[in-house]
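Written out below as structure tokens is the structure these notes cover.
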Amino acid sequence: MSDYDFLRIEKEWQEYWRSHNLFNVKMDESKEKYYVLEMFPYPSGRIHMGHVRNYTIGDVIARYRMQAGFNVLHPIGFDAFGQPAENAAIKHKTGPKEWTENCISWMVKELKQMGFSYDWDRELSTHRPQYYKWNQWIFLKMFEKGLAYKKSSGVNWCASCETTLANEEVVNGGCWRCHTEVEQKELDQWYLKITEYQDALLEDLELLNDWPERVITMQKNWIGKSYGLEIYFPEVDTGTLIPVFTTRADTIFGATYVVLAPEHPLLDEMIKGRSREKDVREFIERVSRESKISRMSADVKKEGIFTGCFAVNPVNYEKIPIWTADYVLMDYGTGAIMAVPTHDQRDFLFAGEHRLPMRVVIQSPNTPNQLPEKMTQAYEAGGILVNSAQFDGMDNEAAKEKIALWMEEEKIGQRKVFFRLRDWLISRQRYWGTPIPVIYCRQCGIVPVPEKDLPVTLPDKIEISGTGGSPLSKVKEFVDAACPKCGGPGQRETDTMATFFDSSWYFLRYCSPQQNEAVFDKQEAKYWMTVDQYIGGIEHAVLHLLYSRFFAKFFRTLGLVDFKEPFRKLLTQGMVLKDGEVMSKSKGNIVDPDEMIKKYGADSLRLFILFAAPPEAEFDWNERGMDGAWRFLTRVWTLVQNFRELKQAALTQPLPIQEKELEFKLHAVIKKVTEEMKGGFKFNTAISSLMELTNEIMPVLRRAEETKRIGPVLEQAVRTLVILLSPITPHMCEELWKLFGSRESIIKTAWPRYDPAKLQKDEITLVLQVNGKVRSKITVPADIAEEELKTRALDDTKIKEWVKGKSVKKIFVVKNKLVNILLEG
RNA sequence: GGGCGAGUGGUGGAAUGGCAUACACGAUGGACUUAAAAUCCAUUGGCCUAACGGCUAUAAGGGUUCGACUCCCUUCUCGCCCACCA
């Protein structure tokens, strides 16, 4: 008997799969396709446990689908542009390209060592011109449709990365990559008009029934649609209308002051020449110096100042003061609010601080006739309107609608919908990204690079210092370009695209990665898309997944695709931790997959990472579990070897009694494992059921060895075990399958089906309860009549003891499960 | 502040109205061995009991139910996401 020599086995089978092109697929209309995709990695050099987990999950699903008869597309590539390559290039005194390609070849090697079933012919990397050419093409199409535009505005700026950031890339007021506090800067930048699709992006979330609820919620919150009313408050002296946005039109009669954001454009005109002008300007100046993070933090006291101006509340002609305060944000709504201190907690605190007037307009059912001065906090719940003229006595929810309609009639307000979503800022002042294909001409202005001139390639020879602005702007040969329109001297855009642009459509490129005449082949995309199963980290819940949805919708507008949503099903796998912390180089707590592969083999690693926790949960790495995984594989290995030896010497006999139980277990396990592979994805319990099956096969095999007789179920069980395990630990299972005499890969073997008839038992064991407590067990024919069952339950020796001297009130029977005898008293 | 999720043995976890603690790790004892490792066998929530067995336990408290880890209410703790969003 040979040992389980995983190093040899894994190497040989990886070579077999490669040389037989087992995972290279072609479009085939006669077969049902299945597209399984894992989020492609950033080529940082080595794969980490997070990758191992992500890609193992995907690989198991892909291999199962192959055996279930699907034409499976399972590609991989690299999200290769981005800042770390620039930083690494500076550090290692090399070019970003050399560094990146070096990393890619390392990672390819490691991914292959894991035995993943990728179609390597489709491998792509976003830093290659044949890929980013199409980034530029997409950009031009967007430009043509008015969806890519340049504007000057306050942007998020990371001083450490020396670049701008999209709103989605600002996490807790810091840069998502380096956590440096984000500053505000006024810059002229390129934006993509994602807001064009805001309604579709929100509505189509309804189609994503197989996405985790929390991702849907996060996207909904991010898009942030709110229905409300825009109300116009005239300024007393000039009559200038101040538009204010509110979702609480029902509280309009309680508005006792108006607040403008310090950046509000109307403010300047309003205070000019007024007595308080100097103080107000000082205040505005001070706020503008505050960082976003400190201004937005909840525990900082809200500051504000009276402008010296007054507005008229259009519903009751009351003269109310106009303030400016840092708790009102310019980039939401209209940048101005009506303050209702009695019914909004923020206004309540601010009004209290600055002794501003308050009026109750919604009466709480619990505290009628509430006086503002008695309130300790704002009353934000519902109730009946008071102090609200003709709306008095109305329920506040009903009043919302009525007041809105009335104000529209009176032309003092207008119903409006506001979104929180902002257009996507894509300019980055960095080198290692896709050049934005635009030329600036003194005569013609912004001129897009003609399609025939694509790609605009990144210059190779470049100095990257990490300081002093955009590296591309220093490359004269790159910057100088003739204007495509007039032929005159022009200058290229030196900003590059945010790398999330690259990853927003890579899944489409996989359908036809060699297609050099188009962004992707329409027919191929029609066949392969949409992605049936997408797997990746929760950290992309908003960023990548929102951008990709946007791109899909744009391609639909172009008529290139006919689906609305790119990813049908989404699985967000949990993080792999070490001692409760994220593994990172700086913490020095990295567990290198490569070491684990050398020590235990890829199959053990794959098995363990799936067995340790359900895919969606976080899990804390613990090497002891690796021993367990390895031990299980060795057990299976030995089991199959022993079976083979026995088979050569033993006689076949008809189904012996001890195989009956095994047969039931076998079919139950086929059912369980198939369900998890198909969509349950609880691989941890699927594996435990395979362990149970193994545990049940062992004594039967031992008995067969003693009697030198093998029954048909034992053989079926051993073979099926190997097949069921093969998506998880493919190398070992291939080897075992070969030992069974197969000349083909196990992947060509049809997935087993369970026989429902075999799951029917002749006899069943039921639990007998007295007053809800388990007191005994009873084995009865499966088809026993209820009355007969009751009689036999009461006849049970132990039950008799419990029932003795008491009267039975009622007997509950749950079919195939239990009998509960309820006693009197 | 809002939203979502979680809390089960020494550990990872299983069970989503019906036998709580599957499967595994670890631990303890035993077999094999000169010995160790590996392997195999047994035990393993807590308490009581010589044993049969009993009692008790799923963050805490209450409720619904014949029956609750599971459903409902209250509270606590942790995690994640969003957050002066008007």
Side-chain angles (χ1 to χ4, degrees), chain A residues 171-173 212-222 224-226 228-229 231 244-248 251 255 259 261 295-302 325-329 331-340 343-347 349-350 380 418-420 538-539 541-542 574-575 580 607-608 611-614 616-629 631-632 634-635 638 682 684-695 698 702 765-777 798 801 809-823:
Chain A
V171 178
N172 293 329
E213 198 49 48
R214 51 193 295 230
V215 176
I216 302 277
T217 310
M218 282 162 78
Q219 293 223 354
K220 265 187 197 155
N221 291 343
W222 190 262
K225 188 177 189 176
S226 61
L229 194 66
I231 303 172
V244 147
F245 179 66
T246 184
T247 53
R248 293 295 305 272
T251 63
V259 191
R295 181 170 161 189
M296 305 247 288
S297 70
D299 41 323
V300 167
K301 197 157 85 185
K302 309 314 172 194
D326 60 0
Y327 79 97
V328 174
L329 304 175
D331 55 11
Y332 185 77
T334 60
I337 62 154
M338 62 174 205
V340 185
H343 306 296
D344 181 289
Q345 184 62 15
R346 290 156 303 174
D347 296 341
L349 291 174
F350 192 79
E380 292 179 329
F418 270 92
F419 284 85
R420 216 187 70 107
I538 187 76
E539 66 273 19
V542 177
M575 286 206 286
L607 178 72
F608 171 59
F611 180 59
E616 277 171 300
E618 302 194 318
F619 102 87
D620 214 332
W621 180 264
N622 171 3
E623 198 178 323
R624 281 208 178 121
M626 280 295 301
D627 281 321
R631 224 157 25 213
F632 171 66
T634 312
R635 259 204 300 273
T638 312
K682 281 179 277 170
N684 55 331
T685 54
I687 291 167
S688 71
S689 73
L690 288 166
M691 288 173 169
E692 287 176 37
L693 178 60
T694 309
N695 292 346
M698 293 221 273
R702 215 166 294 137
T765 301
L766 298 175
V767 167
L768 299 183
Q769 295 183 333
V770 176
N771 285 340
K773 298 212 175 201
V774 180
R775 296 302 180 188
S776 185
K777 281 177 192 181
K798 283 181 191 158
E801 278 297 306
K809 193 176 174 187
K810 197 168 176 180
I811 302 178
F812 291 87
V813 175
V814 183
K815 205 169 182 298
N816 294 335
K817 289 223 167 105
L818 57 74
V819 177
N820 186 13
I821 298 159
L822 186 64
L823 299 178

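Below, chains carry the letters A, B, ... as their sequence lines are ordered, and counting in each starts from 1. The structure presented is a predicted model; accordingly, all values stated were derived computationally and were not measured.
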message: Of the options B/rA86, B/rG12, B/rC81, whose atoms approach the side-chain atoms of A/L329 most closely?
response: B/rA86
- prompt: Say you pick atom P in B/rU43 and the same atom in B/rA24; how far apart are they, in whole Å?
  reply: 14 Å
- request: Examine B/rG1: is either OP1 or OP2 under 4.0 Å from a nitrogen or oxygen in the side chain of A/R346? Give yes or no.
  value: no
message: Would you measure the distance from the P atom in B/rU8 across to the matching atom in B/rG12 and give it in whole Å?
response: 8 Å
- prompt: Where does B/rG9 land, syn or anti, given syn is within 90° of 0?
  reply: syn
task: Flag the pair A/V340 / A/R248 as yes when at least one side-chain heavy-atom distance between them is below 4.5 Å, and no otherwise.
output: no
Length of the line joining A/L822:CG and B/rG18:P, which is rounded to integer Å: 19 Å
message: Please report the distance, rounded to the nearest Å, between NZ in A/K773 and C1' in B/rU56.
response: 8 Å
- prompt: Taking any strand in view, what nucleotide pairs with B/rA37 in a Watson-Crick or G-U wobble way, both distances under 3.5 Å?
  reply: none
- prompt: If we take the P atom in both B/rA59 and B/rA50, what is their distance in whole Å?
  reply: 33 Å
task: Using atom CD1 of A/I687 as one end and atom C1' of B/rA14 as the other, report the distance to the nearest whole Å.
output: 14 Å
Distance, P atom - from B/rU34 to B/rG46, rounded to whole angstrom: 37 Å
field: Separation of the P atoms in B/rG67 and B/rG13, to the nearest angstrom
entry: 32 Å
query: Considering Watson-Crick and G-U wobble pairs with both distances under 3.5 Å, what does B/rC71 pair with?
result: B/rG63
field: A/W621 side chain near A/M626 side chain, heavy-atom distance below 4.5 Å
entry: yes
- prompt: Does A/K777 get its side chain close enough to the base of B/rC19, under 3.5 Å, for a donor-acceptor pair?
  reply: yes
query: Does B/rC85 have a Watson-Crick or wobble partner in any strand here, with both distances under 3.5 angstrom, and which is it?
result: none
Full working for side chain to side chain contact (heavy atoms under 4.5 Å, CB included) between A/R775 and A/L768: CA-CA 6 Å; A/R775 296 302 180 188; A/L768 299 183; 5.8 Å; no
- request: Using atom CG of A/N684 as one end and atom C1' of B/rU11 as the other, report the distance to the nearest whole Å.
  value: 15 Å
message: Counting only side-chain heavy atoms from C-beta out, which of B/rA86, B/rA22, B/rG18 sits nearest to A/T246?
response: B/rA86
statement: Ranking B/rA22, B/rC85, B/rG12 by distance to the side chain of A/S688, first place goes to B/rA22
- request: Sticking with atom C1', work out how far B/rA86 lies from B/rU74, rounded to a whole angstrom.
  value: 32 Å
field: B/rG54 OP1/OP2 closer than 4.0 Å to side-chain N/O of A/R775
entry: yes
field: Nearest-angstrom distance, P atom, B/rA22 to B/rC76
entry: 34 Å
task: Just say parallel, tilted or perpendicular for the rings of A/Y332 and A/F418, cut-offs at 30° and 60°.
output: tilted
field: C1' gap between B/rC41 and B/rC48, integer Å
entry: 29 Å
Interatomic distance where CG belongs to A/L607 and C1' belongs to B/rC23 [whole Å]: 12 Å
query: Is B/rC4 paired to anything, Watson-Crick or G-U wobble with both distances less than 3.5 Å, and if yes, which nucleotide?
result: B/rG79
- request: Just call it for A/F619: base, sugar-phosphate, or nothing, with non-hydrogen atoms closer than 4.0 Å on any strand.
  value: nothing
query: To the side chain of A/R635, which of B/rA24, B/rA86, B/rC4 is closest?
result: B/rA24
task: Decide yes or no for A/L349 and A/Q345: does some side-chain heavy atom of the first lie under 4.5 Å from some side-chain heavy atom of the second?
output: yes
message: With a 4.5 Å cut-off on side-chain heavy atoms, are A/F812 and A/L818 touching?
response: no
- prompt: Which one is paired to B/rU43, where only Watson-Crick or G-U wobble pairs with both distances under 3.5 angstrom count?
  reply: B/rA27
field: OP1 or OP2 of B/rG26 under 4.0 Å from side-chain N/O of A/R631
entry: yes
message: Counting only side-chain nitrogens and oxygens, does A/N695 get under 4.0 Å of the OP1 or OP2 atom of B/rA22?
response: no
task: Counting heavy atoms from C-beta on, name the nucleotide in B/rG18, B/rA24, B/rA15 closest to the side chain of A/L818.
output: B/rG18
- line: Checking B/rC25, B/rU56, B/rG12 against the side chain of A/R624 (C-beta onward), the nearest is B/rC25
query: Partner of B/rU58 by Watson-Crick or G-U wobble geometry, both contacts under 3.5 Å, or none?
result: none
query: Counting distance only, does the side-chain N/O of A/R420 pair as donor-acceptor with the main-chain N or O of A/N221 below 3.5 Å?
result: yes
- prompt: Within the stacking criterion (centroid distance below 5.5 Å, interplanar angle below 30°), does A/Y332 stack on B/rC85?
  reply: no
field: Heavy-atom donor-acceptor pair, A/N221 side-chain to B/rC82 base, under 3.5 Å
entry: no
message: Under 4.0 Å, heavy atoms only, any strand: does A/K817 hit a base, just the sugar-phosphate, or nothing?
response: sugar-phosphate
field: Selection from B/rG13, B/rC19, B/rC41 that lies nearest to any side-chain heavy atom of A/A613
entry: B/rG13
- request: Return the value, rounded to whole Å, for the distance between atom CG of A/D620 and atom C1' of B/rA6.
  value: 16 Å
- prompt: Whole-Å distance between B/rG10 P and A/N622 CG?
  reply: 17 Å
query: Taking CG from A/D347 and P from B/rG1, how many angstroms apart are they, rounded to a whole number?
result: 18 Å
- prompt: Taking the side chain of A/E692 as its heavy atoms from C-beta onward, which of B/rC23, B/rC80, B/rA83 lies nearest to it?
  reply: B/rC23
Partner nucleotide, any strand, of B/rA15 [Watson-Crick/G-U, under 3.5 Å]: none
- line: Side-chain atoms of A/V814 come closest, of B/rG3, B/rC81, B/rG18, to B/rG18
message: Taking the minimum atom-to-atom distance to the side chain of A/T247, which one of B/rG13, B/rA86, B/rC85 wins?
response: B/rA86
message: Applying a 4.0 Å non-hydrogen cut-off, can you work out what A/V774 is touching in the nucleic acid: base, sugar-phosphate, or nothing?
response: sugar-phosphate
